[in-house]
Amino acid sequence: MHILAIGLNHKTAPVEIREMLALGAREMPSALSFLKNYPGISEGMILSTCNRTEVYLASSGFHPGFSVVVDLLTQNRDISPDELKRHLYIHRDLEAVAHLFRVACGLDSMILGETQILGQVKEGYQAALDNQSAGKVLNTLFNQAIAAGKRAHTETEISKNAVSVSYAAVELAKKVFQSLEGRRALIIGAGKMSELTAKHLLASGVGQIVVANRTLERACSLAQMFKGTGIPISEVGQWLHQVDVVISSTGAPHLVLTREMLHEAMRHRRGRPIFLFDIAVPRDIDPEAGRLEGVFLYDIDDLESAVQANLRERQREARKVERMIEEEVAKFESWQRTLDIVPVIRSLRQKADDIRRHEVSKTFNRLPELTDRQRQIIEAMTATMINKILNDPTLRLKEFASGDDGSLYVQAMARLFNLTTAEEKPGIGQGEPCSDRPVVEAKP
């Protein structure tokens with residue numbers, strides 16, 4: 001049995017392709033059913049986000065796994081198999097395991113170390129459980145991947161430093177105020193950056209958000225998303241003395257906040273500081289306003305510098321996570337090696353019990369005078385003897401099977417006891433050669 005990870009992401013496919021191939025919650029049950037009923041596929045799970053669509057499989061080989069993914073992703077979509085294959089990557093066996101762990105830990109994300117992907121991995125796994133498409137292999141794999149993701153975010157600082165401009169602005173405000181709980185924020189501009197900033201502010205505990213925009217309707221629309229207040233941009237001067245944080249991101253060709261406006265606002269603030277973040281290019285806020293007492297002004301260059309410094313910190317932490325992933329992959333490999341011993345142990349115990357039952361039956365036929373109570377005692381005694389005799393070999397086999405030469409012990413046990421149900425099959429990482437792969441195999 002092989003583990004395969006086949007898919008595409010922001011590195012291999014443009015957004016229009018990713019959008020086309022994304023699988024929503026409504027499509028997931030039928031997609032998972034398609035996987036588990038496909039010849040050669042025993043287990044399947046799908047991870048579909050705005051930046052990736054990946055299929056994880058327990059498969060009899062490479063070809064059934066690749067075929068099912070191509071068939072699944074080209075169903076009812078305006079993309080040919082040849083076009084799809086140009087965007088796909090594939091990871092096999094331990095490479096697939098390492099890839100999933102890197103995804104869950106945020107190392108394969110567009111933003112290094114982001115935490116949202118871990119929740120999406122959990123959702124994808126839950127969908128597989130709900131639709132009964134995950135079995136022993138993927139259950140173990142995804143449980144360990146989720147645990148590895150949690151470990152990465154708790155034992156390292158891979159997600160601790162802001163690496164987006166809007167997030168960096170909010171993090172700087174939190175450092176200065178210690179807490180944003182109950183604070184008021186004014187967002188000037190109603191574009192995508194403003195929306196992202198508002199989300200970060202609310203997540204940090206801001207009590208009220210005021211949105212100002214040249215078009216009042218747009219300001220009110222964005223403010224409504226966050227239960228805030230929308231105002232025309234002409235009224236920002238009237239709000240400056242009431243808010244603690246101002247984040248401006250407009251496309252205006254001229255200054256939106258002048259030094260005079262901030263000077264007037266500070267007269268009414270009675271010493272309370274105000275923090276201004278100018279994310280716009282060209283700048284929205286007069287640089288001279290930063291010279292006023294109690295006014296703390298950061299522009300896009302200040303924030304970009306903070307982002308780059310934070311990104312370097314995350315990259316350093318990423319090296320710790322990579323070492324952690326190596327440990328997790330080794331643990332999974334050790335577990336996977338023990339899978340081959342299960343049918344051998346089961347066959348050994350079944351053979352021993354069959355012999356026991358046969359001999360006990362012969363004994364009972366020779367001793368018809370035995371009472372039911374005596375027969376029960378003999379049954380129990382012989383069953384206990386078999387269990388005790390097989391206990392040590394079973395424990396030793398489980399111990400040896402997790403080592404590099406574990407398959408030799410499994411094969412030896414099968415041959416010594418002539419266990420015909422045991423199969424000599426390749427372990428993980430020992431798949432069949434494939435000279436006509438349609439994609440280049442990616443590295444984790």
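Arg52 CZ to Arg18 CZ: the interatomic distance, rounded to the nearest 0.5 Å, is 9.5 Å. Summarising the geometry, atom CG belonging to Leu23 is positioned 10.5 Å from atom CG belonging to Leu47; distances are rounded to the nearest 0.5 Å. The CD1 atom of Ile111 sits 9.0 Å away from atom CD of Gln116, with the distance rounded to the nearest 0.5 Å. Rounded to the nearest 0.5 angstrom, Cys105 SG and Glu328 CD are separated by 8.0 Å. For the atom pair Thr156 OG1 and Glu322 CD, the distance stands at 11.0 Å (nearest 0.5 Å). In this structure, the separation between CG on Leu107 and CD on Glu114 is 10.5 Å, given to the nearest 0.5 Å.
Looking at Arg314, its side chain does come within 3.5 Å of a backbone N or O of Ser159 through a donor-acceptor pair. Of the possible polar contacts, one joining the Lys36 side chain to the Asn131 backbone as a donor-acceptor pair under 3.5 Å is found. Using modelled atom types, no side-chain atom of Arg183 and backbone atom of Ala173 make a donor-acceptor pair closer than 3.5 Å. Checked by atom type and distance alone, the side chain of Ser59 never pairs as donor or acceptor with a backbone atom of Pro64 at under 3.5 Å. Not one N or O on the side chain of Arg184 forms a donor-acceptor pair closer than 3.5 Å with the backbone of Gln208. With hydrogens and angles disregarded, no donor-acceptor distance shorter than 3.5 Å links the side chain of Ser334 to the backbone of Ala330. Between the side chain of Thr12 and the main chain of Leu8, no donor-acceptor pair closer than 3.5 Å is present. The closest donor-acceptor contact from the side chain of Asp278 to the backbone of Asp284 lies under 3.5 Å. One N or O on the side chain of Glu317 and one on the backbone of Glu157 form a donor-acceptor pair closer than 3.5 Å. Using modelled atom types, one side-chain atom of Glu43 and one backbone atom of Val137 make a donor-acceptor pair closer than 3.5 Å.
Considering only heavy atoms from C-beta on, His2 stays 4.5 Å or farther from Arg92 through its side chain. Considering only heavy atoms from C-beta on, Asn9 stays 4.5 Å or farther from Asn51 through its side chain. In this structure the side chain of Asp299 never reaches within 4.5 angstrom of the side chain of Ile285, judged on heavy atoms. The shortest side-chain heavy-atom distance between Ile187 and Leu201 falls under the 4.5 Å cut-off. Within the 4.5 Å cutoff, no side-chain heavy atoms of Val246 are placed close to those of Val236. Counting only heavy atoms from C-beta outward, the side chains of Ser347 and Phe417 never approach each other to under 4.5 Å. For the pair Tyr89/Lys11, no side-chain contact is recorded, criterion being any heavy-atom separation below 4.5 Å from C-beta on. Contact annotation: the side chain of Leu88 approaches that of Phe66 to within less than 4.5 Å [non-hydrogen atoms, C-beta and beyond].
Surrounding CZ of Arg26 are at most 12 heavy atoms belonging to other residues, nucleotides or ligands under 6.0 Å away. Within 6.0 Å of CZ in Arg291 there are 12 or fewer heavy atoms belonging to other residues, nucleotides or ligands. Residue Glu260 qualifies as enclosed at atom CD: its count of foreign heavy atoms under 6.0 Å is above 12. Other residues, nucleotides and ligands contribute more than 12 heavy atoms inside 6.0 Å of the CD atom of Glu16. With a 6.0 Å radius and a threshold of 12 heavy atoms from other residues, nucleotides or ligands, Glu235 has its CD atom above the threshold. Sparse packing is recorded around CD of Gln132, with 12 or fewer heavy atoms of other residues, nucleotides or ligands lying under 6.0 Å away.
Counting all heavy atoms, side chain and backbone alike, Ala280 lies closest to Ser249 at CB-CA, 4.1 Å. The heavy-atom pair separating Ala185 from Val243 by the smallest distance is C-CG1, 4.3 Å. Of all the heavy atoms in Arg77 and Ala22, the pair that sits closest is NH2-O, 3.1 Å. Of all non-hydrogen atoms in Pro81 and Val70, the two that sit nearest each other are CB-CG1, 3.8 Å. Summarising the geometry of Met20 relative to Asp78, their closest heavy-atom pair is SD-O, 3.7 Å, with the distance given to 0.1 Å. Here the shortest heavy-atom pairing between Leu4 and Gly61 reads CD1-O, 3.6 Å.
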Determine, step by step, whether Leu73 and Thr53 satisfy the side chain to side chain contact (heavy atoms under 4.5 Å, CB included) criterion, reporting the C-alpha distance in whole Å, the side-chain angles of both residues, the deciding distance to 0.1 Å, and the verdict.
CA-CA 9 Å; Leu73 296 183; Thr53 294; 4.1 Å; yes

Walk me through whether Tyr56 and His99 qualify under side chain to side chain contact (heavy atoms under 4.5 Å, CB included).
CA-CA 11 Å; Tyr56 293 86; His99 175 73; 3.5 Å; yes

Mind running side chain to side chain contact (heavy atoms under 4.5 Å, CB included) on Glu264 and Arg267 for me, showing each step along the way?
CA-CA 5 Å; Glu264 179 65 20; Arg267 288 198 312 108; 2.8 Å; yes

Checking Thr197 against Phe277 for the side chain to side chain contact (heavy atoms under 4.5 Å, CB included) test, could you report, in this order, the C-alpha distance in whole Å, the side-chain angles of both residues, the deciding distance, and whether it holds?
CA-CA 11 Å; Thr197 305; Phe277 299 96; over 6 Å; no

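A donor-acceptor contact under 3.5 angstrom links the side chains of Ser33 and Asn37, judged on distance only. A side-chain donor from one of Gln126 and Asp130 sits under 3.5 Å from a side-chain acceptor of the other.
The aromatic rings of Phe332 and Phe101 sit perpendicular to each other, their planes meeting at more than 60°, with 30° as the lower class boundary.
Judged as a side-chain contact (heavy atoms from CB on, under 4.5 Å), and not counting sequence neighbours, Glu326 has no contacts.
The side chain to side chain donor-acceptor pair (under 3.5 Å) contacts involving residues 211-220 comprise nothing, where partners must be two or more places apart or lie in separate chains. Residues in residues 226-254 take part in these ring pair (Phe, Tyr, Trp, His ring centres under 6.0 Å) pairs, two or more places apart or across chains: His241-His268.
Ion pairing of Lys174 with Glu171 is present here, as a side-chain N (NZ or NE/NH1/NH2) and a carboxylate O approach within less than 4.0 Å. Electrostatic pairing of Glu327 and Lys331 does not count as a salt bridge here, judged by no charged N lying under 4.0 Å from a carboxylate O. Ion pair Glu54/Arg102 not flagged as a salt bridge, since none of the NZ, NE, NH1 or NH2 atoms sits closer than 4.0 Å to an Asp/Glu carboxylate oxygen. Ion pairing between Arg269 and Asp244 holds under the 4.0 Å rule for side-chain N and carboxylate O.
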